[in-house]
**Q** 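Structure below; questions to follow.
Here is how names work: the chains are called A, B, and so on, in the same order as the sequence lines, proteins then strands, and each is numbered from 1.
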Amino acid sequence: MENIEIAKIFHEIADLLEIKNENPFRVRSYRNAGHVIAELPENLKSIVENDEPILDEISGIGKSIHEKIVEIVKTGKCKFHDELLKELPPTILELLQVSGIGPKKVQLLYKELGIQSVSDLEKAAKAHKIHTLAGMGEKTEENILKAIENLKQSKGRFKLGIAMTYAVPLIEYLKNIDGVIHVSEAGSLRRRKETIGDIDILVACKKGSRVMDRFIAYPEVREVLAKGDTKSTVILRCGLQADVRVLDKKSYGAALQYFTGSKAHNIAIRERAKKMGLKVSEYGVFDEKTDKWIAGETEEDVYRAVGLPWIPPEIRENAGEIESALNDKLPHLIDVKDLKGDLHVHTTETDGASTLDEMVESAIKQGYEYIAITDHSKAVSIAHGLDEKRVLRQIEEIDKLNKRFTVYGSRFTVLKGIEVDIKADGSLDLDKDVLAKLDVVAAAVHSRFNMTEGEMTARIVKAISSGIVHIIAHPTGRLINERMPYAVNMTEVLRATKMHNVIMELNSYPDRLDLNDIHCKLAKEMGVMIAISTDSHSRFHLENIRFGIYTARRGWLEKKDVLNTMPLNKALKILKRK
DNA sequence: GCCGTTTTCGGCCCGACTGTTTTCAGTCG
Ligand SMILES: Nc1nc2c(ncn2[C@H]2C[C@H](O)[C@@H](COP(=O)(O)OP(=O)(O)OP(=O)(O)O)O2)c(=O)[nH]1
Ligand SMILES: [Mg+2]
Ligand SMILES: [Mg+2]
Ligand SMILES: [Zn+2]
């Protein structure tokens, strides 16, 4: 039982209770618990099985939900959840996916018309049965059919890198509208989440500007879902939704704070303000009694008004950042400029599209001091992986290249490396004697993903304990929106890496981002060092490093937590300390 | 159901847009 499955049960309980018209705060508790569990880095199953006490410390999980977690881990089910599903059919929950349909309408549709699924709803709307219900009219019927169509066409959450390619031109377009003063990305886009549900953009403009008219006239707009004076929502041709919020310059900071989120962070900030006798909204910080405006021009002003330093957007998830801010313990998040090299790249020798020389040239252009060439090993035959002989030949070639650099007085260094395959039994795909000649041995799983969690954990821990591996590359093997991570106990893996001085990779390829943000944070807490690498398969991929940096920042990583922020001699010392 | 720089009881973020409403509930951000 994975955390995400447990979280799903609590989300369903929340939805079902809400449809039943239960106390909205009780509903919120279950929904919040689902959210907290989904973001939890440690495996709940292990926590419960090992009787670890940390559940009691997690805010949002009290007695009742704690008991239910134990029940779910031990029996695989939750009685309370099952009982609710006897009262309401499970498919009823899919109705909530239709935008414009909430718990109240679901209840009405089910009670009055027996509608249990989206296809039921579609039939009823087409047969004009909906408008007979209280509070629903012709327009509601039309909107339901449109919303079902949009749901069917929806491509779900977009990877950050893809979403950015659609957001950038829209932001440019908005900047060029008459009367516009500032435009900023907001929402999950600004927080650099690995996937983006919609594009949120904030605009500050002069009074009387016709920003909304121009926004919905953007050529990429496929459909306008809502248009108001300060807020509009459209669907773009690419399938992404875009929300634009327009406010006065005086409220820009408060609006940016609001629209950047996250929702949980906003609520926590507002609760805190309330206790201080203040009210926070997108319009500013106000005195609760007199309604007098206190702050709001900049984000710094807003945070200062509630007694906090400015908090970087990437960590605004209500996951400890407010407590850290209060104690003056906010991390100094890593910056792309801190990086001195890239420790995972491929060449044409295996499945790369650029030659060794091209990769090196691009790394120098990037401003790096070093790069490690880490081609695949022979087990990855699709990639024409290297056997021992070819590794030795590549070593010679790199030695020659480095000699040339010394002759020309360059300080750039090419490190000899490998991405050695971790075979199903946890052994490594190349002779130890050959691996020992390399500066950087990265190891990774490339096959047999469908092992049990115990088997996969043992396999990776064996590689970690080999005494020859420096870095575990793309440690969970996931491909965002494409392939789930394989089952592995991350806490155990991190414990092993800590013990054997092994480093965990944060793979910057935007489809991977592996370790993810949550696991990076856990690694840092456990004292495990991270290498942020691109796994470039072409010289152009070196630029993907920014996605790694985004994820690292979301994982609270600082310069000191990351191996490749160090100058070469220091990095090499750490690699040799084994 | 959760929680406590006042609280173990009584609160729980705050506001925009839409449709059907004759004054606002529902949904969403
Ligand atoms: N105070 C408050 N702010 C909210 C609420 N819902 C959303 N927001 C703010 C914070 C969000 O980051 C921002 C944009 O909302 P979205 O629904 O687009 O969420 P977000 O972009 O964080 O995630 P996404 O990737 O779009 O699913 O609006 C809310 O209920 N209360
Ligand atoms: Mg969003
Ligand atoms: Mg949005
Ligand atoms: Zn690789």
**Q** Distance check, P atoms only: B/dT22 and B/dG11, in whole angstrom units.
**A**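 Per the computed distance, 34 Å lies between those P atoms.
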
**Q** Starting from P on B/dC2, measure out to NZ on A/K68 and report it in whole angstrom.
**A**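 It works out to 8 Å between those atoms.
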
**Q** Is there a side-chain polar atom (N or O) of A/K274 under 4.0 Å from OP1 or OP2 of B/dC12?
**A**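 Answer yes for this pair, as a side-chain N or O of A/K274 is under 4.0 Å from OP1 or OP2.
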
**Q** Using a 4.0 Å heavy-atom cut-off, write out nucleotides 19-28 of chain B from 5' to 3' as B (base contacted by protein), S (sugar-phosphate only) or - (no contact).
**A** SS-----SSS

**Q** Nearest 0.5 angstrom please: A/I315 CD1 to A/K521 NZ, how far?
**A**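 So the CD1 of A/I315 and the NZ of A/K521 are separated by 8.0 Å.
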
**Q** Could you check whether A/V280 gets within reach of a base, just the sugar-phosphate, or nothing at all, counting any heavy atom under 4.0 Å?
**A**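 Sugar-phosphate contact only - A/V280 comes under 4.0 Å of backbone atoms but never of a base.
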
**Q** To the nearest angstrom, how far is A/E271 atom CD from B/dG11 atom P?
**A**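 It is 15 Å, rounded to the nearest whole Å.
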
**Q** Just call it for A/S59: base, sugar-phosphate, or nothing, with non-hydrogen atoms closer than 4.0 Å on any strand.
**A**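 If one applies the 4.0 Å heavy-atom cut-off, A/S59 turns out to touch the sugar-phosphate alone, with no base involved.
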
**Q** Determine the Euclidean distance between corresponding C1' atoms of B/dT20 and B/dA25; express it in Å to zero decimal places.
**A**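 Each nucleotide's C1' atom is 10 Å from the other's.
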
**Q** Taking only the side-chain heavy atoms of A/I267 (C-beta and beyond), determine which of B/dG1, B/dC13, B/dT18 contains the nearest atom.
**A**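 Looking only at heavy atoms from C-beta outward on A/I267, the closest nucleotide is B/dC13.
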
**Q** Please state the C1' separation for the pair B/dC13 and B/dC28 - nearest whole angstrom.
**A**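 Rounded to whole Å, the distance is 14 Å.
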
**Q** Does OP1 or OP2 of B/dA16 have a side-chain N or O of A/K227 closer than 4.0 Å?
**A**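 False: A/K227 side-chain N/O out of range (4.0 Å or more) of B/dA16 OP1/OP2.
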
**Q** Can you tell whether the side chains of A/K193 and A/D517 come within less than 4.0 Å, N to carboxylate O?
**A**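 Here A/K193 does not pair with A/D517 in a salt bridge, since their nearest N and O are not under 4.0 Å apart.
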
**Q** Kindly say if A/R270 contacts the phosphate of B/dC13, meaning a side-chain N or O under 4.0 Å from OP1 or OP2.
**A**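 No.
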
**Q** How far does the C1' atom of B/dC17 sit from the matching atom of B/dT8, given to the nearest Å?
**A**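 That atom pair is separated by 40 Å.
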
**Q** If you measure from the Lys or Arg side-chain nitrogens to the Asp or Glu carboxylate oxygens, is any gap between A/E299 and A/R190 under 4.0 Å?
**A**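 A/R190 and A/E299: salt-bridged.
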
**Q** Could you state the CZ-P distance from A/R245 to B/dC14, rounded to the nearest angstrom?
**A**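 In whole Å, B/dC14 P and A/R245 CZ are 15 Å from each other.
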
**Q** Measure from CG on A/L308 to P on B/dT5 and round the result to the nearest Å.
**A**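 Answer to the nearest Å: 15 Å.
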
**Q** Measure the distance from CD1 on A/I322 to P on B/dT5 and round it to the nearest whole Å.
**A**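 Distance check: A/I322 CD1 to B/dT5 P gives 14 Å.
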
**Q** Regarding A/S251 and A/D248, do their side chains bring together a donor and an acceptor under 3.5 Å, going by distance alone?
**A**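 No, A/D248 and A/S251 have no side-chain donor paired with an acceptor closer than 3.5 Å.
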
**Q** Roughly how far, to the nearest 0.5 Å, is CD1 of A/I322 from CZ of A/R272?
**A**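 One finds 8.0 Å between CZ of A/R272 and CD1 of A/I322.
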
**Q** Apply side chain to side chain contact (heavy atoms under 4.5 Å, CB included) to A/L55 and A/L44, showing your working.
**A** CA-CA 9 Å; A/L55 261 189; A/L44 273 179; 3.7 Å; yes

**Q** Measuring from the side chain of A/S29 (C-beta onward, heavy atoms only), which nucleotide among B/dC12, B/dG15, B/dG1 has the closest atom?
**A**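 Ranking B/dC12, B/dG15, B/dG1 by closest atom to the A/S29 side chain puts B/dG1 first.
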
**Q** Would you say the side chain of A/Y258 and the base of B/dG15 hold a donor-acceptor pair, judged only by whether the two atoms sit under 3.5 Å apart?
**A**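 There is none.
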
**Q** The side chain of A/K275 is closest to which nucleotide in this list: B/dT7, B/dC14, B/dC13?
**A**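 Minimum distance to the A/K275 side chain belongs to B/dT7.
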
**Q** Between A/E271 and A/K275 (salt bridge meaning N to carboxylate O under 4.0 Å), is one present in this structure?
**A**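 Here A/E271 does not pair with A/K275 in a salt bridge, since their nearest N and O are not under 4.0 Å apart.
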
**Q** Separation of A/H265 atom NE2 from B/dC14 atom P, in whole Å?
**A**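 So the NE2-P distance, A/H265 to B/dC14, works out to 15 Å.
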
**Q** Taking the C1' atom in each of B/dG10 and B/dA16, what is the distance between them to the nearest angstrom?
**A**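 Straight-line distance between the two C1' atoms is 29 Å.
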
**Q** Tell me which of A/Y283 and A/N23 sits closer to the 5' end of DNA chain B, going by the nucleotide each one is nearest to.
**A**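 The residue mapped nearer the 5' terminus is A/N23.
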
**Q** Measuring from the side chain of A/Y30 (C-beta onward, heavy atoms only), which nucleotide among B/dG29, B/dG15, B/dG1 has the closest atom?
**A**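 Selected nucleotide: B/dG1.
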
**Q** Take atom CD1 of A/I196 and atom C1' of B/dG29, then tell me their distance rounded to the nearest Å.
**A**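 Computing the A/I196:CD1 to B/dG29:C1' distance gives 15 Å.
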
**Q** For A/L326 and for A/I65, find the nucleotide of DNA chain B with the closest heavy atom, then tell me which residue's nucleotide is more 5'.
**A**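 Checking each residue's closest nucleotide, the 5'-ward one belongs to A/I65.
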
**Q** Under 3.5 Å for both donor-acceptor distances, Watson-Crick or wobble: does B/dT8 have a partner, and if so which one?
**A**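 Its partner: none found.
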
**Q** Report the residues that fulfil salt bridge (Lys or Arg N to Asp or Glu O under 4.0 Å) with A/E194, sequence neighbours left out, ordered by chain and then residue number.
**A**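 Salt bridge (Lys or Arg N to Asp or Glu O under 4.0 Å) list for A/E194, sorted by chain: A/R478.
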
**Q** For A/L189, which of A/I201, A/T260, A/L160, A/D198 qualifies under side-chain contact (heavy atoms from CB on, under 4.5 Å)?
**A**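 Passing option: A/L160.
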
**Q** Starting at atom CZ of A/F10, determine the distance to atom C1' of B/dC2, rounded to an integer number of angstrom.
**A**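 Going from CZ in A/F10 over to C1' in B/dC2 covers 13 Å.
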
**Q** Would one find a side-chain N or O of A/R272 under 4.0 angstrom from OP1 or OP2 of B/dT5?
**A**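 Negative; the distance criterion is not met.
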
**Q** I'd like the C1' distance from B/dC14 over to B/dT7, given in whole Å.
**A**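 About 23 Å, rounded to a whole number of Å.
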
**Q** Using the P atom as the point on both nucleotides, what is the distance between B/dT5 and B/dG1, in whole Å?
**A**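 My reading of the P atoms in B/dG1 and B/dT5 gives 23 Å.
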
